[in-house]
2 protein chains.
Amino acid sequence: MTNRNVVSFENIKVACKNCSLATLCLPMGLSPEDMERLDSIVKRGRPFHRGDHLFREGDNLHSLRVITSGSVKTFTPSEDGGEQVLSFHLPGELIGLDAIQNESHTCSAKALETTAVCEIPFHNLEELSSSMPSLQHQMYRLLSREIGQDSEMLTLLGKKSAEERLATFLLSFSERFKKRGFSATDFFLSMSRHEIGNYLGLAVETVSRLFTRFQDEGLLHVERKHVQLLDLPRLTTIVHGNENGRSHQRHV
Amino acid sequence: MTNRNVVSFENIKVACKNCSLATLCLPMGLSPEDMERLDSIVKRGRPFHRGDHLFREGDNLHSLRVITSGSVKTFTPSEDGGEQVLSFHLPGELIGLDAIQNESHTCSAKALETTAVCEIPFHNLEELSSSMPSLQHQMYRLLSREIGQDSEMLTLLGKKSAEERLATFLLSFSERFKKRGFSATDFFLSMSRHEIGNYLGLAVETVSRLFTRFQDEGLLHVERKHVQLLDLPRLTTIVHGNENGRSHQRHV
DNA sequence: AAAAACACTTGATCAAGCTCAATACAAATT
DNA sequence: AATTTGTATTGAGCTTGATCAAGTGTTTTT
């Protein structure tokens with residue numbers, strides 16, 4: 001009896017309907033019954049450790065994955081050992097969407113820290129979404145959102161100055177942590193300076209100098225991975241071009 | 001009778017099943033019957049002229065659109081009158097996918113020349129795709145492809161030098177024209193130097209200088225919008241980093 | 001605890017590509 | 001044909017951010 005209780009308790013604990021991330025994730029907008037049908041195809045495996053690959057470029061697409069705890073970077077490795085970081089993912093975010101087109105991953109994904117994920121076998125998901133309009137709708141929305149986010153990133157890399165990029169980066173994490181119930185002004189970044197620079201199209205040294213400068217200007221306090229944002233309004237001004245201070249915009 | 005013939009002839013002419021772009025477009029992989037069901041929700045309106053908006057940032061999402069002839073740029077306008085060009089679209093390409101998330105366009109689209117489109121009301125498409133797994137599959141694929149393309153663009157803007165960017169741009173058009181049955185080495189670019197620069201994250205002057213340099217080096221011949229690629233192999237080398245010639249990569 | 005490996009910071013220098021400015025060319029208008 | 005307007009090219013100089021280099025601090029390995 002005791003044993004039975006434990007088992008059923010664990011079953012409840014890991015179900016979509018009890019997941020605090022459900023509103024950020026695939027189940028959003030689903031009825032309790034639909035959520036249970038979705039739940040039935042979700043697999044929850046052992047956690048990944050820092051540096052583990054969730055998948056590699058070229059791997060066949062088996063499953064989409066949702067981060068449930070920890071964080072992940074996706075990146076495209078290049079011949080010479082370099083890489084382009086495409087994004088950093090927090091709990092509730094779905095990864096692997098790029099792989100649907102050719103049933104094969106076009107980027108790699110690595111855990112930045114100990115990370116747990118839900119795996120959703122894509123073929124099952126596709127089938128299920130055929131008979132579940134609200135799930136199909138949510139899939140379309142999530143795919144579309146990814147496209148919109150990429151567009152913002154294109155603007156960042158195409159037009160913004162180094163300081164605009166870092167400020168944008170920091171406020172993006174601030175908002176995302178806030179949405180997940182964490183502090184918007186006090187958090188740990190799980191990625192290295194190198195990875196931040198790579199993501200933002202900047203050299204490590206530039207990122208380091210900017211952190212120092214932002215701290216000197218009283219915008220934030222930073223110690224290693226621990227960041228405290230002290231002046232959100234001014235950071236926001238920087239993100240939006242900083243018309244006052246800087247004379248030079250990058251080419252309009 | 002004559003009248004009837006004319007009408008039915010025109011009906012046939014514009015149907016998906018007779019469209020040379022069908023394999024690039026939504027109908028790809030659909031059975032003839034499914035194609036007809038899709039066809040029944042497609043609307044074909046008057047063509048747009050150079051400079052006309054297909055839609056504007058903030059517009060409600062009514063329809064996805066497929067270019068059937070001409071070309072289109074999508075871009076995000078910024079407060080100060082500037083813009084970030086997100087992409088250039090050729091016949092067979094679907095635009096508006098970014099708008100699905102919030103049922104509202106996050107970018108604007110403008111015709112670069114006289115341009116015809118098929119409009120596909122999204123709500124009808126979504127409904128239809130619920131009862132047509134192959135259409136749903138094709139939608140997932142197209143959305144996923146867009147994500148993959150954006151990722152490539154992130155690498156271009158994050159890592160590549162000016163000359164790598166222009167070479168990549170030219171070869172991308174080369175391939176896309178080829179796929180549509182046009183010359184891969186002799187074509188007209190419908191966008192201005194300014195728009196190319198904006199798209200590639202470069203100043204107009206840099207684009208102009210690069211065209212001149214590429215011509216001096218015998219890689220291509222360019223006169224205004226008319227481009228003839230003379231040395232595809234060398235252009236390809238440039239795209240992939242050009243290990244030989246250049247000493248400086250942008251930060252690895 | 002020492003050593004090695006790694007990550008981050010700071011400084012000095014350099015160059016890719018931007019800005020400014022002038023000119024050339026093409027298309028549209030009168 | 002001449003004027004206007006817009007687009008593209010070319011030149012000169014400057015700025016941002018990269019590269020190179022050295023040093024500091026942190027984590028992991030031995």
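In the text below, chain A, chain B and the rest are named by the order of the sequence lines, each starting its count at 1.
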- Item | Contact check, side chains of A/Thr76 and A/Thr106, non-hydrogen atoms, under 4.5 Å | no
- Are any of the side-chain heavy atoms of A/Leu210 and A/Arg213 separated by less than 4.5 Å? yes
Between [X] ([atom1]) and [N] ([atom2]), how many Å, whole number?
| X | N | atom1 | atom2 | value |
| --- | --- | --- | --- | --- |
| B/Lys225 | D/dT9 | NZ | P | 10 Å |
| B/Glu205 | D/dC14 | CD | P | 17 Å |
| A/Glu164 | D/dG17 | CD | C1' | 14 Å |
| A/Leu166 | C/dC8 | CG | P | 13 Å |
| A/Met191 | C/dA7 | CE | C1' | 15 Å |
| A/Leu200 | D/dT16 | CG | C1' | 16 Å |
| B/Arg193 | D/dT9 | CZ | C1' | 10 Å |
| A/Leu202 | C/dC8 | CG | C1' | 16 Å |

- Query: Got a salt bridge between A/Lys73 and A/Glu83, using NZ or NE/NH1/NH2 to carboxylate O under 4.0 Å?
  - Reply: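 The answer is yes: the pair qualifies as a salt bridge.
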- Task: Could you tell me, to 10°, how much the axis swings from one end of the helix from C/dA1-D/dT30 to C/dT30-D/dA1 to the other, five pairs per end?
- Result: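 About 40° separates the two local helix axes.
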Show the atom names and distances, to 0.1 Å, of all donor-acceptor pairs under 3.5 Å that link a side chain in residues 56-65 of chain A to residues at least two apart or in another chain.
unit_1	atom_1	unit_2	atom_2	d
A/Arg56	NH1	A/His53	NE2	3.4
A/Asp59	OD2	A/Arg56	N	2.8
A/Arg65	NH1	A/Ser63	O	3.3

- Note on the structure: Quick tally for nucleotides 24-30 of chain D: nucleotides whose base has a protein heavy atom under 4.0 Å get B, sugar-phosphate-only ones S, the rest -, giving --S----
- Item | Lys NZ or Arg CZ of B/Arg176 over B/Phe173 ring: under 6.0 Å, within 45° | yes
- Task: For the side chain of A/Thr206, starting at C-beta, report the closest nucleotide among C/dT19, D/dG17, C/dC18.
- Result: D/dG17
- If each of B/Arg209 and B/Ser192 is mapped to the nucleotide of DNA chain D with the nearest heavy atom, which maps nearer the 5' terminus, i.e. the 5' end? B/Ser192
- Message: Between A/Thr212 and C/dT10, is there a contact of a side-chain N or O with OP1 or OP2 at under 4.0 Å?
- Response: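 Answer yes for this pair, as a side-chain N or O of A/Thr212 is under 4.0 Å from OP1 or OP2.
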- Query: Does the pair A/Glu93 and A/Arg180 meet the rule for a salt bridge (charged side-chain N to carboxylate O under 4.0 Å, His left out), with working shown?
  - Reply: CA-CA 11 Å; A/Glu93 293 172 352; A/Arg180 285 162 182 77; 3.2 Å; yes
